[in-house]
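Shown next, in structure tokens, is the structure this report addresses.
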Protein chains: 2
Amino acid sequence: MTVIEGDSGKISEFTVRRLSGYYRILADLERNGVHTISSSKLADMGNITSAQVRKDLSYFGTFGTRGLGYGVSDLKKAIQNILGLTRDWSMALFGAGYLGHALFFHRGFREDGFVFRHIFDSDLEKVGTVWGELAIEQEKNAAEALRASPVDIGVIATPAAAAQEIVDLAVASDVRGILNFAPTEVSVPDGVWLRVVNLAVAFESLSFYLSQ
Amino acid sequence: MTVIEGDSGKISEFTVRRLSGYYRILADLERNGVHTISSSKLADMGNITSAQVRKDLSYFGTFGTRGLGYGVSDLKKAIQNILGLTRDWSMALFGAGYLGHALFFHRGFREDGFVFRHIFDSDLEKVGTVWGELAIEQEKNAAEALRASPVDIGVIATPAAAAQEIVDLAVASDVRGILNFAPTEVSVPDGVWLRVVNLAVAFESLSFYLSQ
DNA sequence: TAGATTGTTAATCGATTAACAATC
DNA sequence: TAGATTGTTAATCGATTAACAATC
């Protein structure tokens, strides 16, 4: 388990993922005009326990009122702040295939502050094609393009074989984080954060349980 | 943590996800002509410990030879069997948007035995459009279509607002598993397996660590 | 005030790792 | 045989949950 050292000790990735869940639920509640919520109601909506909710929040401060619960908008803002969603993150997409296309056009990322600034692909046929308002650039010019206009995050949606090379390129271009959607293990140096989304794992894990 | 009761006790989802990782690594090794591998080499390739590899495998039997390690092809076949990848799984895709498109055309799923048999969408503009060799069907005819031609797994790639309703429809049509890609919590009755892939969680968790 | 609910501590549960006898 | 490596047990580590005093 990857952990980070913060003011309040070590925060596990389990906690961070649940915070992301609370954030979405709170946004839904706010949209529906709900003003306060208890840890047990929040827990029910996220299929966990109320103790877990309170414990997760306790790593970052005190956000509730005993006897009353949490203010929906206040807690949502607090979590938004904890997750670093009060600022924009600029991103470069590597790989303009089906998955890259889905990520690029996925609503919600942009609203959350995740903004694509570059799209790179090695296929010259694709170079120049415009997605939204962004033209696909030549992958081999990526280092130069990223020097002129750097990004925080590299999103890897290339085939497995190309992934490590592209990660290295992104790292050399000073990205601080990598989101890897390619179905292969990649490594990054210390100081660069890595998140992995492996679709095959989800399918295969379901297959396992269905087979039992 | 979801667990299942098996012959050898309870298998945690952590173990299943790692098995999926071993499987991919072994497939790569086999493709590269490697014949044997030790638990520690396999561990290095997956960024875990050799004890973890041996422990995971021990839940299902003994697959190695002391002093020598594991036969790559044999272990790959054994894991393929454990994960239920020796048979085909038929699937219905709900939601023919960007993400559905990416999932449908993703190479590798089909090779793994995951085959889409239906595509449903509520947008009448899309109905009739052919993807690969499959025409998009009207979502409101899904129950009927699935009665005529049932599937094992429902893949949910609809907007959040529609997800629970579609899950209920899929469950009523006797799917045994749900893969939820919609950014919302959904619930399924006992006896139906649920896996969740939430892309926003990956982005937001990266944002958290980058903010520290 | 009485009821509700937080924040936090201590207990429990389960996952990971270390260690080593078995054995190729 | 000696070296290597498995399979498994016991120890450790860390995450979750229960419990409850604090307090609105």
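Every chain is numbered from 1 and lettered A, B, ... according to where its sequence line falls, protein lines coming before strand lines.
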Whole-Å distance between [N] [atom2] and [X] [atom1]?
X       : N      : atom1 : atom2 : result
A:Asp56 : D:dT16 : CG    : P     : 7 Å
B:Phe60 : D:dT8  : CZ    : C1'   : 16 Å
A:Asp44 : C:dT5  : CG    : C1'   : 14 Å
B:Glu13 : D:dA15 : CD    : C1'   : 15 Å
A:Phe63 : C:dT8  : CZ    : P     : 11 Å
A:Ile11 : D:dA15 : CD1   : C1'   : 13 Å
A:Tyr59 : C:dT8  : OH    : P     : 12 Å

- prompt: Counting only non-hydrogen atoms, which of residues 18-43 of chain B are less than 4.0 Å from DNA chain C?
  reply: B:Arg18
- request: Return the residues of residues 70-77 of chain A meeting this criterion: a heavy atom under 4.0 Å from some atom of DNA chain C. Order them by number, or give none.
  value: A:Tyr70
Any side-chain donor near an acceptor of the partner, [X] and [Y], under 3.5 Å:
X        : Y        : result
B:Arg54  : B:Ser39  : yes
A:Arg195 : B:Ser205 : yes
A:Gln80  : A:Tyr23  : yes

Return the polar atom pairs (N/O with N/O) between nucleotides 18-20 of chain D and the protein under 3.5 Å, or none.
unit_1: D:dA19; atom_1: N6; unit_2: A:Arg54; atom_2: NH2; d: 3.2

task: Assign the ring pair B:Phe105 / B:Trp131 to parallel, tilted or perpendicular, where the plane angle (0 to 90°) is split at 30° and 60°.
output: tilted
task: Fit a plane to each ring of B:Phe208 and A:Phe60, take the angle between them on a 0 to 90° scale, and name the class: parallel (under 30°), tilted (30 to 60°) or perpendicular (over 60°).
output: perpendicular
field: Ionic contact status for A:Arg17 with A:Glu13, cut-off 4.0 Å
entry: yes
message: Looking at A:Glu204 and B:Arg24, is any side-chain nitrogen of the basic one under 4.0 Å from a carboxylate oxygen of the acidic one?
response: no
field: A:Thr15 or A:Leu68, whichever maps to the more 5' nucleotide of DNA chain D
entry: A:Thr15
task: Could you check B:Arg147 against B:Ser173 for side-chain contact (heavy atoms from CB on, under 4.5 Å), going step by step and ending with a plain yes or no?
output: CA-CA 7 Å; B:Arg147 206 153 36 232; B:Ser173 300; over 6 Å; no
- prompt: Closest heavy-atom contact between B:Val175 and B:Ile153?
  reply: CG1-C, 4.2 Å
task: Would you name the heavy atoms of B:Val72 and B:Leu29 that are closest together and state the gap between them?
output: CG1-CB, 4.0 Å
- request: Convert the base pairs of DNA chain C into dot-bracket notation, remembering that pairs crossing earlier ones are written with [ ] and that bases paired across to another strand are shown as |; include only Watson-Crick or G-U pairs under 3.5 Å.
  value: ..||||||||||||||||||||||
message: For C:dT6, does the base pair up with any side-chain atom of A:Arg66 as donor and acceptor (N or O, under 3.5 Å, distance only)?
response: yes
message: For B:Arg31, give me all partners under side-chain contact (heavy atoms from CB on, under 4.5 Å), at least two apart in sequence or on another chain.
response: B:Ala27, B:Asp28
message: Looking at A:Gln164 and A:Ser187, would you say the former's side chain and the latter's main chain have a donor-acceptor pair under 3.5 Å?
response: yes
task: Counting heavy atoms from C-beta on, name the nucleotide in D:dT16, D:dT8, D:dT23 closest to the side chain of A:Gln52.
output: D:dT16
message: Please enumerate all residues that pass ring-ring contact (aromatic ring centres under 6.0 Å, His included) together with A:His106, with sequence neighbours excluded.
response: A:Phe109
- request: Quick one: do B:Asp152 and B:Arg176 satisfy salt bridge (Lys or Arg N to Asp or Glu O under 4.0 Å)? Show the steps, please.
  value: CA-CA 5 Å; B:Asp152 301 304; B:Arg176 295 182 49 222; 5.2 Å; no
